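To start, the structure under review is shown below, and the notes come after it.
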Amino acid sequence: MIDPNLLIHDFDATVQRLARKKTDLEFLNRTRFLLLERRNMQQQLDEKRATMNKSSKEIGGLLQSGQTEAAEERKATVAMLKEEIAALEEQVRKAEEQVDYFLLRIPNLPADDCPDGDGEADNVIVRTHNYNEADYRDRSYRPHWDVAGDLGIYDGDRASKISGSMFSLLRGEGARLLRALVHFGLAINADTYEEIAPPHFVRTDTFTATGHLPKFEVEAYKLRDDDLWAIPTGEVPLMSLHRDEILDEDDLPRRYMAYTVCFRREAGSAGKDTRGLQRLHEFQKVELVKVCTPEQAPAEYAALLADAERPLQLLGLPYRVVDLCTADLTFSSARVHDLEVYAPGIDRWLEVSSVGVFTDFQTRRGNIRYRPKGSKKVAFTHAMNGSGLATPRVWAAVIEHGQQADGSVKIPEPLVPFMGTDVIRPKT
RNA sequence: GGGGAGGUGACGGAGUGGUUGAACGUGCUCGUCUCGAAAACGAGUAGGGCCUGAAAACCCUCGAGGGUUCGAAUCCCUCCCUCCCCGCCA
């Protein structure tokens, strides 16, 4: 969440910054009012408590010096005070509840250099790699589900039989290609990121820390009998690694990567662009996460973006970098660059990574702080993340780009060691 | 699933009703010493709220929530979590 003090002390500027995000901001005024009201009540409460504390100490003194009667008198007055305090406490608790309700629903402030916009059309294509439109004019490319289906390495029908739409089932070399991509994605980052194998089910407080709750509850799978949610991305457990911790500045930046399965309900997107591996309820992904100081953030972010691009470059896939405009930013992010791979078989740009900075939005929720060198005060760390390799869409792109006239698929060179072959051939 | 133990500051670890936000140690910061470092010695060092200068004062926080009491880290209840033993099982 954002710093509540911004609403109290810097209201107009904050509203203006949030307005760039094109979200509903009507409740900001109310939030500010509630914050002030709570503060006011808290002050009254503090005063009464101070009086009571003082009296209690005096009573202790009276009892020790044997003045029992005087002590009893004081007890009676304290009893009255206690009732007032209890009433006030109840009010403060209610106010706090309301304040929290609103605060959790205020999105992060966009970065100053984030392009303004009203929607997807205003996103800025920063650069395009390895893509020549002409390359795809002369030759016809088939969609990955046809190519892979004919090869017998993708079995969408059986996936549906087992689990319904938007699930995938890979077979043989298709399954191995998935595993190769994961290995590859981890291997190229192993020197900079610590690999984590986290839990795939997390508690509500963990899910809230990254901003996935309460805003995106309908997008998540929840276990019926336990307080556990299936993670939609490795970001969720990774970001909670240091929750409620105070780190030393020397320990920053921390860089983590995790290969996880991701679960998404994709509510409301049924039937749209869901054919093949474009959009799945369950998929595997290598996620990159960083926790750092505010000063380190710009350089770390640039490096993170480069790290997310690298696998696409090494695999020889055409892709473009899209700087999302303010309207398209996610709830928690201040700046986002999407990486989109061109899939010639379906003639679409597929989002394969969303690299975003969260400033202190998530770390405030998760209470991840650090002690700046030489400072007595602790401060919130900054956090950022991005997909290192999202398998289904990259898998699809590899298939569509590698397809050859005889129905076989050529495997990009970096994957060959993991695949054990440089081509997937039709079975005879 | 059954039985037992326990959750205290960055970390280890005292503390069973009264001025303890918390001994002691480690770590960290500053200083003395040193050419410099180590060691030694001295001092400081929880987080948050309030206060949008700093500080003081005041309030909250010893897993979370409730209760008893004039007063709770300390007593009672509920929940969460961790560890150990037994059972079951991949």
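Here the structure is a predicted model, which is why all the values come from computation and not from measurement. Chain letters run A, B, ... following the sequence lines, proteins first, then strands; residues in each count from 1.
Between the C1' atom of B:C70 and the CD atom of A:Gln67 lies a distance of 15 Å, rounded to the nearest Å. Atom CG of A:Asp46 is separated from atom P of B:C59 by 8 Å (rounded to the nearest Å). Nucleotide B:A64 holds its P atom 11 Å from the CG atom of A:Asp244, rounded to whole Å. Counting to the nearest Å, the C1' atom of B:G48 and the CD atom of A:Glu96 are 12 Å from each other. Counting to the nearest Å, the P atom of B:C59 and the CG atom of A:Leu88 are 15 Å from each other. Rounded to whole Å, the distance from CG on A:Asp251 to P on B:C28 is 12 Å. In this structure, A:Arg364 atom CZ and B:G47 atom P are separated by 17 Å, rounded to whole Å. In this structure, CD of A:Glu245 is placed 12 Å from C1' of B:C11, rounded to the nearest angstrom.
Distances from the side chain of A:Arg49 to the nucleotides B:G47, B:C70, B:C59 place B:C59 closest. Which of B:A10, B:C81, B:G71 sits closest to the side chain of A:Ser56 comes down to B:G71.
Checked by atom type, the side-chain pair A:Asp307/A:Tyr193 shows a donor-acceptor distance below 3.5 Å.
Among the heavy atoms of the strands, none lies under 4.0 Å from A:Arg74. Among the heavy atoms of the strands lying under 4.0 Å from A:Leu63 is at least one base atom, whether or not backbone atoms are also near.
Taking 4.0 angstrom as the limit, A:Arg369 places a side-chain polar atom (N or O) nearer than this to OP1 or OP2 of B:G48. Remark: A:Asn53 is not in phosphate contact with B:G71, judged by side-chain N or O atoms under 4.0 Å from OP1 or OP2. Between B:C51 and A:Arg39, a contact under 4.0 Å exists linking OP1 or OP2 to a side-chain N or O. A close approach under 4.0 Å does occur between a side-chain nitrogen or oxygen of A:Gln43 and OP1 or OP2 of B:C51. In terms of phosphate contacts, A:Lys82 brings a side-chain nitrogen or oxygen within less than 4.0 Å of OP1 or OP2 of B:G71. Taking only side-chain nitrogens and oxygens, A:Arg371 comes nearer than 4.0 Å to OP1 or OP2 of B:G47.
Rounded to whole Å, the P atom of B:C80 lies 15 Å from the corresponding atom of B:A64. Using atom C1' as the reference point in both B:A14 and B:U68, the two lie 26 Å apart (nearest Å). Nucleotides B:U19 and B:G12 are separated by 28 Å at their C1' atoms, to the nearest Å. Between B:A73 and B:A22, the distance separating the two C1' atoms is 8 Å to the nearest Å. Across the P atoms, B:U20 and B:G13 are found 25 Å apart, a figure rounded to whole Å. Taking the P atom of each, B:G44 and B:C24 are spaced 11 Å apart, rounded to whole Å. Between B:G9 and B:C60, the two C1' atoms lie 16 Å apart (nearest whole Å). Taking atom C1' in both B:U34 and B:C41, one finds a spacing of 14 Å when rounded to whole Å.
Side-chain atoms of A:Phe33 and A:Arg38, non-hydrogen and from C-beta on, never get closer than 4.5 Å to each other.
Atom CG of A:Asn385 sits about 6.5 Å away from atom CD of A:Gln362, to the nearest 0.5 Å. If you take CG on A:Leu6 and CG on A:Leu35, they are separated by 11.0 Å, rounding to the nearest 0.5 Å. Note that CZ of A:Arg254 and CD1 of A:Ile368 are 11.0 Å apart. Values are rounded to the nearest 0.5 Å. If you take CZ on A:Phe283 and SG on A:Cys262, they are separated by 4.0 Å, rounding to the nearest 0.5 Å.
Under the side chain to side chain contact (heavy atoms under 4.5 Å, CB included) criterion, A:Pro143 pairs with A:Trp145, A:Asp146, A:Ile346, A:Glu400, not counting sequence neighbours.
Against RNA chain B, the stretch residues 3-14 of chain A makes heavy-atom approaches under 4.0 Å through A:His9.
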Q | Steps toward side-chain hydrogen bond (donor to acceptor under 3.5 Å, both in side chains) verdict (A:Asp227, A:Thr204) | A | CA-CA 6 Å; A:Asp227 174 34; A:Thr204 294; 2.4 Å; yes
**Q.** Stepwise side chain to side chain contact (heavy atoms under 4.5 Å, CB included) check, A:Leu247 with A:Arg369
**A.** CA-CA 6 Å; A:Leu247 302 162; A:Arg369 295 171 294 174; over 6 Å; no
Q: Take A:Lys54 and A:Glu58 through the test salt bridge (charged side-chain N to carboxylate O under 4.0 Å, His left out) and record every step on the way to the result.
A: CA-CA 6 Å; A:Lys54 209 186 286 173; A:Glu58 284 167 11; over 6 Å; no
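Of the two residues contacting RNA chain B, namely A:Leu45 and A:Lys75, the nearest-nucleotide position lying further toward the 5' end is that of A:Leu45. Two residues, A:Thr51 and A:Lys377, neighbour RNA chain B, and the one matched to the more 5' nucleotide by heavy-atom proximity is A:Lys377.
Helical stems of RNA chain B (runs of at least 3 Watson-Crick or G-U pairs, donor-acceptor distances under 3.5 Å) are listed by first residue: B:1-7 with B:80-86, B:10-12 with B:24-26, B:27-32 with B:40-45, B:46-49 with B:58-61, B:63-67 with B:75-79.
Under a cutoff of 6.0 Å and an axis angle of 45°, A:Arg265 and A:Phe263 do not form a cation-pi pair.
Side-chain rings of A:His183 and A:Tyr259 stay apart, their centers remaining 6.0 Å or farther from each other.
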